[in-house]
Protein chains: 2
Amino acid sequence: MPERPPTHRYPDNREAILRSALDLFARKGYAGTAVREIVEAAGATKPVLYYHFKSKEGLYLEILRQAMERFRADLTVLTRGGGDAETGLMRLCGQLFVLFRENLQVVRLVHAALVGPPQGGPPFDFKRFHEELVKGMGWWVDEGIRRGEFRDGDQASMTIAVYGVFSLAVELELLSGECGIGREGLSAAMNVVFEGMRAGDSASL
Amino acid sequence: MPERPPTHRYPDNREAILRSALDLFARKGYAGTAVREIVEAAGATKPVLYYHFKSKEGLYLEILRQAMERFRADLTVLTRGGGDAETGLMRLCGQLFVLFRENLQVVRLVHAALVGPPQGGPPFDFKRFHEELVKGMGWWVDEGIRRGEFRDGDQASMTIAVYGVFSLAVELELLSGECGIGREGLSAAMNVVFEGMRAGDSASL
DNA sequence: GTCTATAGCCAGATAGAC
DNA sequence: GTCTATCTGGCTATAGAC
């Protein structure tokens, strides 16, 4: 008879609380969400929450920590891969866009914590989110310049231009009421930017 | 002896409360800010706040209403004016950028309300903020296409590209710790986008 | 690990005098 | 218009049994 673990290390209650907390924090904000709401939605009770996460802040930090972990793993994969820089950059942005759209709740939570008021929530190293995105896109721009695909001399501005379009596309998905431009809209707008980055075009700068 | 108004219509208390509420809402969020904090920072008392604004929600809505009013006035002015489309678009974005950077608290508040969780705050027609910005920029893009400055056939994508760069520049100012690219960085990144919009460049689309 | 029950606090809002 | 004093309710967090 195989050994069973003496106790469940991650019981259903813990996962249920994480899920309903993510949902509520994303919809009502950290300060706007009561612990009572979270445990009711999860079908649990308050002491269970405090047992697993020690405090409301601990729960919040655990959600963000998990989100950061998953995001970094995906970003690492998407920065690899062959092909020319324009294709790689388009693939990176396109797949990140899909990933973000499939996890809008997390994106809303992190975005709010990045640029919004901290709402009394605990501090967290959010800027790494932003910095790693810039680094991932900047890597492809560097590649493009090195290979002669993109014009030389304006790496930072090109990265900002690409990142700006990507960032806006994501934010439009966050707006309520179907303002989003979708992946097709993102590709079209990125093509406008690429048009201004390609080497060989008349550079009147 | 000249007549004095029978009573102060907008006494100092009212303005002081509006200012400290803007400061606190922007720093701690709507739900994260207590009425007690607001009136203490303003050197007033709670009944004064409730006399002038009826409720915490009423105070919040009044702040946003005033912000929206000032913003629309500025946007209307900046969409007029002569010159070619590229110059007009650069001026619109540059001056809006300066305006936003001088009012970062309001921008943070509105941005949080636009894309962030509502935090229990009352509903407000925030999307008009976004829509009017898009309309203002789109007007100049239309002008540029009409005059033959910009390539034809991709108005929406061009507008998104310009708006995306502008939006990112503003958001980087919102991040804590001097991540901003400044007005020069905005201009440089916009030039990358313009490079891809100009008619006459080799269009390999 | 999970419960019931509750402590202790602070929130938003108001009554009524001036 | 502004005050002091106060009401009512919800909040986070915990004690202690199982």
Side-chain angles (χ1 to χ4, degrees), chain A residues 3-25 27-64 117-124, chain B residues 3-64 109 117-124:
Chain A
E3 281 183 344
R4 288 184 310 165
T7 181
H8 297 291
R9 199 185 287 268
Y10 297 106
D12 290 340
N13 261 338
R14 192 187 148 95
E15 283 304 315
I17 288 176
L18 280 171
R19 264 202 307 275
S20 59
L22 168 60
D23 178 50
L24 285 161
F25 285 153
R27 277 185 13 231
K28 312 181 59 176
Y30 176 78
T33 301
V35 170
R36 179 186 48 78
E37 297 177 281
I38 298 172
V39 294
E40 273 179 9
T45 60
K46 281 198 270 188
V48 176
L49 186 152
Y50 285 94
Y51 173 81
H52 285 291
F53 304 102
K54 197 185 136 190
S55 69
K56 185 184 178 184
E57 289 199 355
L59 171 59
Y60 180 67
L61 290 175
E62 176 64 16
I63 291 174
L64 295 173
Q119 303 179 51
F124 189 79
Chain B
E3 283 184 344
R4 288 185 309 166
T7 182
H8 297 291
R9 199 185 286 266
Y10 296 108
D12 290 341
N13 260 339
R14 193 188 147 95
E15 283 303 317
I17 288 175
L18 280 172
R19 265 201 307 275
S20 60
L22 169 59
D23 177 50
L24 285 161
F25 284 154
R27 280 189 7 235
K28 312 180 58 176
Y30 175 78
T33 301
V35 169
R36 178 184 50 77
E37 296 177 283
I38 298 172
V39 295
E40 274 179 9
T45 59
K46 279 198 275 188
V48 177
L49 186 151
Y50 284 94
Y51 173 80
H52 284 292
F53 305 101
K54 197 184 137 190
S55 69
K56 185 184 178 184
E57 290 199 354
L59 170 59
Y60 180 67
L61 290 175
E62 175 63 16
I63 290 174
L64 295 173
L109 201 60
Q119 302 179 54
F124 189 79

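Here is the naming used below: chain letters follow the sequence lines, and residue numbers restart at 1 for every chain.
Here dA13(D) presents its P atom at 16 Å from NE2 of H52(A), a figure rounded to the nearest Å. To the nearest angstrom, C1' of dA11(C) lies 14 Å from CG of L49(B). Regarding I38(B), its CD1 atom lies at a distance of 11 Å from the C1' atom of dG12(C), rounded to whole Å. Rounded to an integer number of Å, the gap from CD of Q119(B) to C1' of dA11(C) is 16 Å. In this structure, CZ of R14(B) is placed 10 Å from P of dG1(D), rounded to the nearest angstrom. Spacing between atom CD1 of I17(A) and atom P of dA13(D) amounts to 14 Å, rounded to whole angstrom units. Summarising the geometry, the separation between NZ on K56(B) and P on dT14(C) is reported as 15 Å, rounded to the nearest angstrom. Between E40(A) atom CD and dC3(C) atom P the separation is 13 Å, expressed in whole Å.
In this structure, the separation between CG on D23(A) and CD1 on I38(A) is 10.0 Å, given to the nearest 0.5 Å. H52(A) contributes atom NE2, which lies 11.0 Å from atom CG of L59(A) (distance to the nearest 0.5 angstrom).
OP1 and OP2 of dG1(D) both lie 4.0 Å or more from every side-chain N or O belonging to N13(B). In terms of phosphate contacts, R36(A) brings a side-chain nitrogen or oxygen within less than 4.0 Å of OP1 or OP2 of dC11(D). Considering only side-chain N and O atoms, K46(B) lies nowhere under 4.0 angstrom from the phosphate OP1 or OP2 of dA13(C).
Nearest-nucleotide positions on DNA chain C for V35(B) and T45(A) put T45(A) closer to the 5' end.
Listed nucleotides: dT2(D), dG12(C), dC3(D). Nearest to the side chain of A34(B): dG12(C). The listed nucleotides are dA13(C), dT2(D), dA13(D); the one nearest the side chain of Y50(A) is dA13(D).
Contact of the K46(A) side chain with the L49(A) side chain is not registered, since no non-hydrogen atoms from C-beta on lie closer than 4.5 Å. The shortest side-chain heavy-atom distance between L109(B) and L64(B) falls under the 4.5 Å cut-off. In this structure the side chain of F25(B) never reaches within 4.5 angstrom of the side chain of Q119(B), judged on heavy atoms.
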